[in-house]
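Below you'll find the structure I mean.
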Amino acid sequence: MKFFGRPFAAALVIALFVACTPVPLPAQRAAVEAPHGLVVSANHLASDAGVEILRKGGNAVDAAVATGLALAVVYPYAGNLGGGGFMLIHLAPGGPGSGPDGRDLVIDYRETAPAAATKNMYVGPDGKLIAGAGSSTVGWRASGIPGSVAGFALALQKYGSGKVTWADVVEPARRLAADGHTVSQWTAASIRRFAPLLAPFAESKKIFLKDGAFLATGDHWVQPDLAATLARLQQHGPREFYEGETARRIAAAMAQHGGTLTLGDLEHYRVAERTPLRGAYRGYEIVTMPPPSSGGIALLQMFGMLEPFEVGALGSTSAAKYHLFAEVMKRAFRDRAEYLGDPAFVQVPVARLLDPAYLKRRMADYSPEHATPASAVPPGLGQFVAPAAPESTETTHFSVVDAAGNAVANTYTLNGAYGSGVTIPGTGILMNNEMDDFTSRVGVPNSYGLIQGEANAIVPGKRPLSSMTPTFVLKDHHVVLVTGSPGGPTIINTVLQVISNVIDFRMPVQQAVDAPRINQQWMPDVITYERYGLSDDTVAALRARGQALRERSDDDGTTQGEAETIAIDPKTGLRLGAPDPRRMDAKAAGY
Ligand code: DON
């Protein structure tokens, strides 16, 4: 009888009370709401750094710069001073520097090839690509000229609010490096995983591997060299990185270890300002990244190919939808391989690739029942012919929206996780391995399995072709979605699926980010899907159509991308932050 005694009765009452209380508990995670401004990034301390600047009266650009610099300290996996990227900026209608319809612009701070770079610099005497040290992926020869510091500085100077200074936006990063931060489980595990890359380089081994003792979850991690570098930048301004002591240290270390970067390369690095690409999808405007990223063109091509189909009626997880998306991806990535490169060095046929009539023709051989083999997808505009002479052309994404409606979508990178593995002695700066985004050899896949063409060959001063796709979705000139992702070529397909989830399937933004993703990039001719992402019968139905499929493994990470996204409710103006669950430390911080 004890079983039916008083404790049991009390528990029953509580259970019934809980069961009957009409609290609308969400079955799925809700986005983070903020009335004024929001920063969503891969690391909570970096998101907080952005909000600190917003609260000081800074705008979205000021906050983005502070977030980017803080990520270089707390997220060395991809945040950086020694890499590069793209910042897409929306200036709200009627605001400073804007017009009645608002203004969108791009700051391209992509790395460029050093003066000493040559087309075949990664091909060995045996005609094969060099592997390991000296290659396009590892060590001192793998780096392009870093653009991050110059890009952030230009963004702040031209499009910042003017209410906060360069020293103000550097401060949160400097503080995090000087005072230290608590190492997260994610950071500890990720550094351990990439220990084989970092260990051969003494400075990286000392800082990131603590000479073999490893950083553990919960450790207090102070980075004095990086703090000193940030303090120098704060004191002497951003040119210090390119002309001052930091530049001299980079050049000296490169010279000592057989690297290609010189002081002259650093001095001559220039940021480019570009006009974003604009396209439409089902009544929404898509504003996205132009060359030297392939992302915007491929994204708009895919939306153009999807537009005639009733995508929403297919169901967001049906085999029919995945089949259609895979076929569209295959065709866009075939064109990417053929025509895309730095527009300062090759003529990219942008208008022809985005012509609706062309995109309709491109899908003329599409069958809802049968996969088109990748080998049977030709480049849609005929073979690329390289112009005779130049005409004159691990990543992370964060999104920021401020109280005035300005927005920033920023994707920047060291390329691979922890870049080339090299840290410049005495500076705490990890260097990129962006040279691997060039075509090292036509027809030979790079580290993302991408087969690339002549248009993306190495030339001094040229920017390697990218897939980074920071993107806005607009309705009536106002931003309704800010998104982007890391993931090499999968970036473009991640962005496609997040936006389609919102527009075609009317998903709330957090569910649009959480939903499983697929990737098809022409070659290899296979659809990869996230672990647990597709049901067995969906996989079987796709195989029956002739698609090859592979579940992502531990080798390539079991998930695809990290789409740190913000939506703005057009009716209420409420900002909705959707951190991607694929990064444990991601956070939407708002006020
Ligand atoms: O620019 C690009 O396309 C590549 N360097 C991006 C690399 C990347 O996203 C790695 N992250 N997982």
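Every value quoted in this text rests on a predicted model; they were computed, and no experiment measured them. In each ligand, atom 1 is the first atom listed, and ligand 1 is the first ligand listed.
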Quiz item: Is any side-chain N of the basic residue among Glu285 and Arg278 closer than 4.0 Å to the acidic one's carboxylate O?
Solution: yes

Quiz item: Are Arg274 and Asp104 ion-paired here, with the side-chain N under 4.0 Å from a carboxylate O?
Solution: no

Quiz prompt | Partner residues of Tyr159 under the ring pair (Phe, Tyr, Trp, His ring centres under 6.0 Å) criterion, sequence neighbours left out | solution = none

Quiz item: In chain order, what residues pass the ring pair (Phe, Tyr, Trp, His ring centres under 6.0 Å) check against His268, with sequence neighbours excluded?
Solution: none

Residues 189-197 side chain polar contacts: donor-acceptor under 3.5 Å, at least two apart:
unit_1	atom_1	unit_2	atom_2	d
Ser190	OG	Tyr418	OH	2.5
Arg193	NH2	Asp554	O	3.2
Arg193	NH2	Asp555	O	3.4

Self-check item: Contact residues of ligand 1, where a non-hydrogen atom lies under 4.0 Å away
Solution: Arg110, Glu394, Thr395, Thr413, Asn415, Glu434, Asp437, Tyr448, Ser466, Ser467, Met468, Pro486, Gly487, Gly488, Ile491

Practice problem: Taking the six-membered ring for Trp and the full ring for Phe, Tyr or His, determine whether the centres of Tyr322 and Tyr529 are under 6.0 Å apart. | Solution: no

